[in-house]
Protein chains: 2
Amino acid sequence: MQDIIEILKEHNIAPSMQRVKILEYLQNNRIHPTADIIYQALMDEIPTLSKTTVYNTLNAFIEKGILVALSLFENEVRYEYNTDPHIHFKCSICGKIYDLDKSYDLYKDDFIDGHKVTEHHVNLKGICKNCVKPTTRSTQRLPEIAKRKITKFHTLRS
Amino acid sequence: MQDIIEILKEHNIAPSMQRVKILEYLQNNRIHPTADIIYQALMDEIPTLSKTTVYNTLNAFIEKGILVALSLFENEVRYEYNTDPHIHFKCSICGKIYDLDKSYDLYKDDFIDGHKVTEHHVNLKGICKNCVKPTTRSTQRLPEIAKRKITKFHTLRS
DNA sequence: ACCCGACTTTGTAGTCATTACAAAAATGAG
DNA sequence: CTCATTTTTGTAATGACTACAAAGTCGGGT
Ligand SMILES: [Mn+2]
Ligand SMILES: [Mn+2]
Ligand SMILES: [Zn+2]
Ligand SMILES: [Zn+2]
């Protein structure tokens with residue numbers, strides 16, 4: 001992707017192979033990955049990759065404003081493009097993190113009780129629509145055949 | 001405090017000295033402390049206190065519903081009473097965490113885009129009213145005399 | 001008062017994410 | 001090609017937290 005090299009250059013980051021691959025991964029996988037997920041995903045392509053490089057690169061990207069780090073839950077750091085403000089929902093069953101465009105009263109750059117607000121995070125947690133099933137049993141790890149047997153879904157307030 | 005012993009008994013927790021002191025600390029210091037802050041604060045009173053006991057106790061309190069753990073920012077776990085829902089503001093200068101009663105559209109126990117929401121956290125960050133000063137220089141560690149010299153405050157949108 | 005078993009606390013060791021640091025490798029201008 | 005600068009890598013260190021087992025505490029039954 002020439003695109004990615006351009007992004008790096010625009011942010012004054014030399015487009016080394018590792019940096020390009022990491023940013024490319026972030027671009028193609030909008031899953032708010034942890035450093036380790038990125039590392040695991042790139043190990044095949046870059047067998048010599050070091051976890052230190054992943055951390056160095058992510059921190060450099062944050063420094064230059066390409067990425068932001070999120071502390072949602074469970075004290076884990078996750079990374080995503082620095083995009084328009086939006087809110088997050090994490091499924092406690094499958095672990096997926098969803099972006100919600102839900103328009104929200106954002107107090108960013110405003111004042112509340114005299115406090116100047118510069119960051120505003122809304123983090124929701126629950127059971128995502130793919131994991132909401134008639135029974136509360138987790139269906140995440142059921143084999144495909146077992147999954148198919150479940151035909152009745154609760155629409156639960158359409 | 002007989003009160004604290006009562007709270008423990010009501011939650012089926014034997015009121016040992018350590019547990020009473022830890023809960024008493026939480027009750028008297030509504031600062032959303034970390035485990036280490038609690039440990040440091042109680043070391044004088046309980047010289048034999050172990051950090052493991054602090055963690056064990058906090059986790060037991062959470063298990064029994066007395067406390068909740070917060071993952072606000074910087075990947076640190078903080079503890080507070082399990083109270084009515086409210087939102088948090090952390091000052092990036094002095095580090096204090098404020099409770100804001102700001103009424104908020106809470107999606108708890110509601111559905112968004114088909115996802116069932118069970119937890120709802122709003123975390124704000126910025127500069128608290130005590131740290132907002134005419135200059136952006138941090139005044140947190142200035143001696144009292146220097147502080148007093150600063151007379152002009154920005155009301156900044158009353 | 002003594003014994004015993006259950007619960008609680010403690011210290012140490014282990015895990016996991018992240019950072020610090022220095023050596024090795026790659027890059028690139030002259 | 002050469003050498004200085006940048007980048008990557010591996011290893012060690014840090015810090016929060018957990019696992020685990022030994023030691024301490026306590027209360028009931030004798
Ligand atoms: Mn997002
Ligand atoms: Mn609070
Ligand atoms: Zn899910
Ligand atoms: Zn402050």
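Chain naming here is simple, since letters A, B, ... match the order of the sequence lines and numbering starts at 1 in each.
Using a 4.0 Å cut-off, no side-chain N or O of B/T48 falls inside it from OP1 or OP2 of C/dT9. Side-chain N/O atoms of A/Y55 include one lying less than 4.0 angstrom from OP1 or OP2 on C/dT18.
Side-chain contact check for B/E45 versus B/L42: some heavy-atom pair is nearer than 4.5 Å. When side chains are defined from C-beta on, B/K125 counts as touching B/E74, because their heavy atoms get closer than 4.5 Å.
Residue contacts shown for A/D36 are absent, as no nucleic acid heavy atom lies under 4.0 Å away. Looking at heavy-atom distances under 4.0 Å, A/N59 makes contact with sugar-phosphate atoms alone, never a base. Across all strands shown, A/T34 has no heavy atoms under 4.0 Å from either base or sugar-phosphate atoms.
The backbone N or O of A/H32 lies less than 3.5 Å from a partner atom in the side chain of A/R78, making a donor-acceptor pair.
Nearest to the side chain of A/T52, among C/dT10, D/dT11, D/dT8, sits D/dT11. Closest contact between the side chain of B/A35 and the listed nucleotides C/dT19, C/dT8, D/dC17 involves D/dC17.
Aromatic ring centres of A/H121 and B/F73 lie closer together than 6.0 Å.
Taking only distance into account, the side chain of B/T53 never meets the base of C/dT8 through a donor-acceptor pair shorter than 3.5 Å.
Taking atom CD on A/Q18 and atom P on C/dA25, their separation rounds to 14 Å, with Å as the unit.
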